[in-house]
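Below: one structure, written as structure tokens.
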Protein chains: 2
Amino acid sequence: MWSTHDMGPPLRLTRAAAKARTRELLLAAAAQVFAEHGYAGASVDEIAAQAGYTIGALYSHFSGKDELFLTLFDLHAAGHLRDIEEIIRQCTGDPDFTALGDYLATLADNDSCRWALESEFRRHAMTRPELMARLAERRAAGQTAIAGLMPCRRPGTAQCAEDDAALVITQLEGLILQRRLNPASVPPGLFAEALRRFFPPPTWAGGG
Amino acid sequence: MWSTHDMGPPLRLTRAAAKARTRELLLAAAAQVFAEHGYAGASVDEIAAQAGYTIGALYSHFSGKDELFLTLFDLHAAGHLRDIEEIIRQCTGDPDFTALGDYLATLADNDSCRWALESEFRRHAMTRPELMARLAERRAAGQTAIAGLMPCRRPGTAQCAEDDAALVITQLEGLILQRRLNPASVPPGLFAEALRRFFPPPTWAGGG
DNA sequence: GTCTATACAAAGATAGAC
DNA sequence: GTCTATCTTTGTATAGAC
């Protein structure tokens with residue numbers, strides 16, 4: 001036995017690791033609560049409780065509600081970029097976008113709180129210039145990454161690829177959000193259909 | 001003189017009209033405040049003050065914050081449908097969508113509070129099944145209206161037009177929201193470009 | 001590092017005066 | 001129909017015990 005009390009094995013977590021774990025739990029809980037109630041409607045009390053702690057613990061990790069929110073705001077920028085990289089990876093070897101369409105539908109269906117949270121970020125940013133700039137910046141980065149994939153309609157103009165990338169991103173994002181509201185209206189095949197419009201196959205399928 | 005006091009002309013508004021006017025002022029103020037702070041962050045006090053009244057007046061017109069929000073929610077559904085009708089009207093006689101593109105850009109630029117409010121409606125609906133159903137229903141109506149315009153890729157299937165309409169709506173809406181975040185990334189011409197992808201011209205412009 | 005207790009402020013809603 | 005005053009709840013943040 002390791003101890004006089006029935007504690008099981010000594011926690012293998014170092015103090016630093018334990019602290020980091022608490023922080024992660026708080027952030028995950030915050031994501032859920034902010035997604036459900038919005039920034040103002042979320043109470044730090046509920047966030048702490050959702051994570052299995054009390055406000056005291058929360059305030060020892062974050063200066064307050066605002067820092068918690070801004071931390072999530074930036075964390076989700078990273079997640080957004082990872083998604084785009086995954087989408088780009090799946091583009092190769094999936095000429096008719098069936099697999100990628102399924103992936104995007106799954107992306108919409110999982111993480112129920114994620115898209116509500118993104119909507120809250122957007123609304124919040126819309127009335128706060130400094131957040132709006134940060135959001136625009138992160139979206140521009142994603143757009144440039146997608147632009148590298150675009151077949152250029154009018155070769156020679158880089159702007160053309162950027163414009164097309166903006167179309168792809170807003171189209172896919174719009175479809176994801178619509179699928180969350182009404183899954184039947186956006187079957188996985190519709191994602192593929194949308195993508196085929198932007199990335200036409202190298203060979204023409206003459207109807208007949 | 002009309003009165004012993006310096007009141008100016010007797011208000012031409014009937015009592016019913018005056019009441020309706022107060023109601024409209026309160027609704028307009030509520031739209032602004034909900035857009036800026038979200039549902040939970042908006043205080044009925046600020047809404048009333050913004051309209052030029054106090055809470056007492058507000059509560060004589062609405063049962064509370066929730067009824068105010070839901071009334072706006074349904075009012076904006078009507079505005080949404082009017083937009084779509086206007087878009088459809090502009091489609092005729094605008095073969096390359098230049099005018100319609102400008103119109104959509106203007107739609108994004110005006111009513112700064114409107115799109116923040118729509119984002120709030122969406123986020124709110126995402127975690128409330130009954131609101132989600134109402135929102136999905138109103139969007140389905142708009143989609144069907146657009147579907148009537150679609151050239152059918154695979155004639156004979158009505159589902160095809162509905163699918164294409166879903167693509168058009170999510171694309172344009174996504175562009176409008178992106179333009180609000182960063183106008184430079186979505187010039188008016190990009191709306192036109194997007195529309196041309198869905199409504200190809202009857203004659204092919206052979207590159208050359 | 002986490003919890004309990006608490007100070008302090010803000011907001012939703014109601015009652016009654018005018 | 002609108003305003004003022006008030007009740008009550010909720011929530012942020014802090015202080016101090018362990």
Side-chain angles (χ1 to χ4, degrees), chain A residues 3-5 7 10-30 32-72 120 124, chain B residues 3-5 7-8 10-73 120 124 128:
Chain A
S3 156
T4 55
H5 290 101
M7 295 168 62
L11 296 175
R12 286 190 206 59
L13 278 49
T14 65
R15 271 178 298 282
K19 181 169 179 175
R21 182 171 164 278
T22 298
R23 191 185 150 93
E24 295 311 310
L25 288 173
L26 286 167
L27 282 170
Q32 275 188 254
V33 179
F34 281 134
E36 169 129 19
H37 302 294
Y39 176 79
S43 74
V44 290
D45 197 76
E46 184 178 348
I47 292 172
Q50 176 83 20
Y53 296 92
T54 56
I55 2 179
L58 190 153
Y59 275 94
S60 89
H61 285 268
F62 298 94
S63 69
K65 196 181 183 178
D66 214 55
E67 190 193 332
L68 205 41
F69 187 76
L70 291 177
T71 304
L72 277 177
E120 173 64 0
H124 214 79
Chain B
S3 157
T4 56
H5 288 100
M7 295 167 64
L11 296 176
R12 285 192 208 56
L13 277 50
T14 64
R15 273 178 297 281
K19 181 168 179 176
R21 182 170 163 278
T22 299
R23 190 184 149 95
E24 294 312 309
L25 288 173
L26 286 166
L27 283 170
Q32 275 189 253
V33 180
F34 281 134
E36 170 128 19
H37 303 293
Y39 177 80
S43 74
V44 290
D45 198 74
E46 185 179 347
I47 292 172
Q50 176 85 19
Y53 297 92
T54 55
I55 9 177
L58 191 152
Y59 274 95
S60 89
H61 284 269
F62 298 93
S63 70
K65 197 181 183 179
D66 214 54
E67 190 193 332
L68 206 40
F69 188 76
L70 291 176
T71 302
L72 277 177
F73 187 89
E120 172 65 1
H124 214 79
R128 281 162 193 79

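Residue numbering restarts at 1 for every chain, and letters A, B, ... go by the order of the sequence lines. Remember, predicted model here, so these are calculated numbers, not experimental data. What's counted below: heavy atoms across the whole structure, side chains too, no hydrogens, waters or symmetry copies.
- Residues satisfying the side-chain contact (heavy atoms from CB on, under 4.5 Å) criterion with B/A49, sequence neighbours excluded, are absent altogether.
- Atom CD in B/E46 sits about 10 Å away from atom P in C/dG12, given to the nearest Å.
- Atom NZ of A/K65 is separated from atom P of D/dA13 by 8 Å (rounded to the nearest Å).
- For DNA chain C, the neighbouring residues in residues 27-44 of chain B, judged by any heavy atom under 4.0 Å, are B/A42, B/S43, B/V44.
- Every residue two or more places apart in sequence or in another chain was checked for a side-chain contact (heavy atoms from CB on, under 4.5 Å) with B/S60, and none qualifies.
- Atom-to-atom, OH of A/Y59 to P of C/dT6 comes out at 18 Å; the value is rounded to the nearest Å.
- Rounded to whole Å, the distance from CG on B/D66 to C1' on C/dA11 is 15 Å.
- D/dT6 atom P lies 16 Å from atom CG of B/D45, rounded to whole Å.
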Could you run down the sub-3.5 Å N/O contacts of the protein with nucleotides 1-5 of chain C?
{"from": "C/dG1", "atom 1": "OP1", "to": "A/K19", "atom 2": "NZ", "distance (Å)": "3.4"}
{"from": "C/dT2", "atom 1": "OP1", "to": "A/T22", "atom 2": "OG1", "distance (Å)": "2.8"}
{"from": "C/dT2", "atom 1": "OP2", "to": "A/H61", "atom 2": "NE2", "distance (Å)": "2.7"}
{"from": "C/dC3", "atom 1": "OP2", "to": "A/T54", "atom 2": "N", "distance (Å)": "2.8"}
{"from": "C/dC3", "atom 1": "OP2", "to": "A/T54", "atom 2": "OG1", "distance (Å)": "2.7"}
{"from": "C/dC3", "atom 1": "O5'", "to": "A/T54", "atom 2": "OG1", "distance (Å)": "3.3"}

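- Annotation: side-chain contact (heavy atoms from CB on, under 4.5 Å) contacts of B/T54 (sequence neighbours excluded): none.
- Listed by chain and number, the residues in a side-chain contact (heavy atoms from CB on, under 4.5 Å) with B/A17 are B/L13, B/T14 (sequence neighbours excluded).
- In this view, B/Q32 and B/Q50 satisfy the side-chain hydrogen bond (donor to acceptor under 3.5 Å, both in side chains) rule, not counting sequence neighbours.
- Residue B/R128 qualifies as enclosed at atom CZ: its count of foreign heavy atoms under 6.0 Å is above 12.
- Note on residues 34-57 of chain B: pairs passing ring pair (Phe, Tyr, Trp, His ring centres under 6.0 Å), not counting sequence neighbours, are B/F34-B/Y39, B/F34-B/F69, B/Y39-B/F69, B/Y39-B/H124.
- In this structure, B/E24 has no side-chain hydrogen bond (donor to acceptor under 3.5 Å, both in side chains) partners at least two apart in sequence or on a different chain.
- Straight-line distance from the CG atom of B/L68 to the P atom of C/dG12: 11 Å, rounded to whole Å.
- When rounded to the nearest whole Å, the span between CD of B/E67 and C1' of C/dA13 equals 14 Å.
- At least one donor-acceptor pair under 3.5 Å links the side chain of A/K65 to the backbone N or O of A/A40.
- Going from atom CD1 of A/I47 over to atom P of D/dT10 covers 17 Å, rounded to whole Å.
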